[in-house]
Amino acid sequence: MNAETSDLIAQRIEKVNALRQKGINPYPVRFARTALAKEIKDTFVDGEERVVAIGGRIRTRRLMGKASFANIEDLSGSIQIYAKRDDLGEEAYERYTGLDLGDIIGVEGKTFRTKTGEISVHVTSCALLAKCINPLPVVKEKDGVLFDEFADKELRYRQRYVDLIVTPKSRQDFILRSRIIAGIRSYLAERGFLEVETPMMQAIPGGAAARPFITHHNALDIDLYLRIAPELYLKRLIVGGFEKVFELNRNFRNEGISTKHNPEFTMMELYQAYADYHDMMAITEGMISTLAQDLLGTMRIDYQGSTVDLTPPWERITFVNIIKKYTGIDFETITTVEAARAAAESVGLHPDTDLSIWKIANEIFEERVEDKLIQPVFVMDYPKELSPLAKSREDNSALVERFEPYIVGREIGNAFSELNDPFDQRARFEEQVRLREAGDDEAQMMDTDYINALEYGMPPAGGLGIGIDRLVMLFVNTASIKDTILFPLLRPE
RNA sequence: GAGCCGCUAGCUCAGUCGGUAGAGCAACUGCCUUUUAAGCAGUGGGUCGGGAGUUCAAUUCUCCCGCGGCUCACCA
């Protein structure tokens with residue numbers, strides 16, 4: 001903190017001290033509100049004076065000598081207040097004009113409409129409820145347009161509390177996030193899903209290909225991993241007879257930070273017994289389109305220059321066919337690595353030499369197809385070797401019943417008909433272990449207890465995971481995941 | 001992890017072809033009893049992200065470091 005800052009702060013601390021000397025607590029215990037800003041404006045009737053007590057933060061002020069206006073803001077909105085020296089008396093008015101932008105105050109007064117038409121509160125008494133010592137960024141607004149918007153992204157992320165005070169869009173976006181999550185919960189609850197909580201600290205981190213965070217339990221003296229996915233525990237619950245379960249909580253992956261990645265992110269995973277991946281598609285498109293309709297009032301939403309139509313049904317196309325559609329390459333007819341490599345070369349890609357046919361196909365998909373998938377689409381039937389927990393297709397053992405929903409060029413989820421054959425699952429794990437031993441540190445670990453669970457019999461089931469932060473990105477139209485996470489991970493200052 | 005860009009007053013930003021910096025808002029002092037990005041007049045406030053180098057002189061040029069943004073890579 002430099003001299004200038006401390007000047008501004010010192011002035012305010014001085015005001016606090018002066019108040020305390022007069023026996024006034026600048027942080028009193030309580031203030032009873034009887035009204036909210038928005039509700040006052042919504043219910044105002046001309047000619048009917050209403051006595052109200054409102055609390056909020058001073059966001060603007062216009063002092064004009066012996067009278068003054070200010071706007072105070074509560075969560076519902078902002079309302080103008082009007083104070084006159086003649087009403088308050090000299091001492092109280094002086095205390096009133098000594099308030100600062102950012103102070104939280106409680107005001108009692110009478111509603112009225114000014115001669116320029118603004119519904120306001122004529123102050124009869126005013127109490128400081130919490131002094132704001134640190135100067136806020138000064139953001140002004142006219143007709144919904146912000147001036148000198150709080151623009152320093154680092155500060156907005158580090159001091160989200162300041163961002164929330166001064167950036168209405170930020171406030172709205174996080175409220176929308178909360179409503180999306182609440183909407184998912186009620187959508188699933190209405191359909192009989194049971195919300196459960198499974199371990200975040202796991203001895204074997206399974207269910208995804210990712211590097212985990214490691215922590216240590218002192219009493220047991222064992223390392224534990226923060227979960228990278230809840231999948232294997234949720235499926236144990238399907239074994240246990242819970243036929244519809246979901247978990248909506250954090251996963252942790254020890255990987256890079258980007259506009260699309262935060263080390264802890266929120267995932268919704270659900271599993272449904274006696275369902276398959278077609279049922280998961282119906283849930284995905286039904287849930288997301290319903291959320292859009294309920295929360296945004298439309299299924300057509302604008303995102304970063306594109307308009308996306310979420311109206312079901314979404315397009316369904318296989319992995320092989322969508323590659324063919326966008327590149328002309330037909331993996332149904334490719335039977336050798338050489339041919340696959342030649343195909344990749346034909347679209348300007350140079351895959352690593354040790355890749356299999358299907359890994360080359362995946363590279364072509366990711367490099368040449370993915371970012372073109374603006375409208376919602378279910379890409380179905382992925383290669384088995386990329387999907388160690390999904391059930392094989394009966395008509396093609398190289399493929400599995402898996403899909404990923406794509407919107408605006410981004411994978412927003414992952415789903416399959418769950419592999420419930422313990423023999424096959426064991427073989428898949430063994431293959432993963434082999435890859436891990438060959439140096440693939442994202443390959444999965446053997447989980448013998450999970451195999452043990454499957455050996456008790458898991459009914460056929462569909463499973464679905466949706467990345468909530470990315471879904472929220474779509475709904476709030478932001479290019480950065482940090483705008484959807486209240487406190488994104490940043491390097492400590 | 002790599003590349004590019006940024007970091008100047010509390011905030012938003014100018015600027016210095018190298019001679020230690022400005023505006024608006026905020027703050028402070030006046031004036032102003034229906035204003036609303038209030039207005040008018042005046043005042044104060046900066047080790048120009050940190051360090052080193054070159055130079056008579058560095059906020060400006062060079063290098064290193066820090067933090068952030070964006071893009072790429074990995075992934076959800």
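Within every chain, numbering begins at 1; the chains are lettered A, B, ... in the order of the sequence lines, protein sequences first and strands thereafter.
Rounding to whole angstrom units, CG of residue A:Asp371 and C1' of B:A73 are separated by 15 Å. Atoms CD (A:Glu367) and P (B:U71) sit 16 Å apart, rounded to a whole Å. Spacing between atom CZ of A:Arg61 and atom C1' of B:C32 amounts to 15 Å, rounded to whole angstrom units. In this structure, the CZ atom of A:Phe252 is 24 Å from the P atom of B:C74, given to the nearest Å. Here the P atom of nucleotide B:A23 and the CZ atom of A:Phe147 are 21 Å apart, to the nearest Å. Summarising the geometry, the separation between CD1 on A:Ile58 and P on B:A27 is reported as 11 Å, rounded to the nearest angstrom. Put simply, CG on A:Leu63 is 13 Å from C1' on B:U36, counting in whole angstrom units. The CD-C1' distance, from A:Glu141 to B:U12, rounds to 16 Å in whole Å.
An OP1 or OP2 oxygen of B:U33 is reached within less than 4.0 angstrom by a side-chain nitrogen or oxygen of A:Lys66. Remark: A:Lys142 is not in phosphate contact with B:A38, judged by side-chain N or O atoms under 4.0 Å from OP1 or OP2. Residue A:Ser68 has no polar side-chain atom (N or O) positioned under 4.0 Å from OP1 or OP2 of B:U35. The side chain of A:Arg253 contributes no N or O atom lying less than 4.0 Å from OP1 or OP2 of B:C74. Distances shorter than 4.0 Å separate some side-chain N or O of A:Lys140 from OP1 or OP2 on B:A38. Not one side-chain nitrogen or oxygen of A:Arg62 sits closer than 4.0 Å to the OP1 or OP2 atom of B:U35.
Here B:C13 is the nucleotide among B:C13, B:U34, B:U35 with the atom lying nearest to any side-chain atom of A:Ala151. Distance from the side chain of A:Val138 is smallest for B:C25 among the nucleotides B:U36, B:C25, B:U12. The side chain of A:Ala67 approaches B:U33 more closely than any other nucleotide in the set B:U33, B:G10, B:U35. For A:Thr114, counting side-chain heavy atoms from C-beta on, the closest listed nucleotide (B:U12, B:G69, B:U35) is B:U35. Listed nucleotides: B:A27, B:A37, B:C11. Nearest to the side chain of A:Gln11: B:A27. Of the candidate nucleotides B:U35, B:C70, B:C67, B:U35 has the atom nearest to the side chain of A:Phe69. When the nucleotides B:A73, B:A27, B:G69 are ranked by their closest atom to the side chain of A:Leu8, B:A27 comes out on top. Comparing B:G45, B:C70, B:A38 against the side chain of A:Met64 picks out B:A38 as the nearest.
Remark: B:G1 base-pairs with B:C72. Criterion, Watson-Crick or G-U wobble with two distances under 3.5 Å. Base pairing of B:U54: no nucleotide in any strand meets the Watson-Crick or G-U wobble criterion (both distances under 3.5 Å). When Watson-Crick and G-U wobble pairs are counted only if both distances are under 3.5 Å, B:C25 pairs with B:G10.
By the 30° and 60° cut-offs, the orientation of the rings of A:Phe213 relative to A:Phe252 is perpendicular. A tilted orientation is assigned to the rings of A:Phe403 and A:Tyr277, their planes being inclined by 30° to 60°.
Looking at A:Ser258, its side chain does come within 3.5 Å of a backbone N or O of A:Lys260 through a donor-acceptor pair.
For the segment residues 80-100 of chain A, residues with any heavy atom less than 4.0 angstrom from an atom of RNA chain B are, sorted by number, A:Gln80, A:Tyr82, A:Lys84, A:Asp86.
By the 6.0 Å and 45° rule, A:Arg85 does not stack over the aromatic ring of A:Tyr93.
For A:Glu118 against B:U36, a side-chain N or O and a base N or O form a donor-acceptor pair under 3.5 Å.
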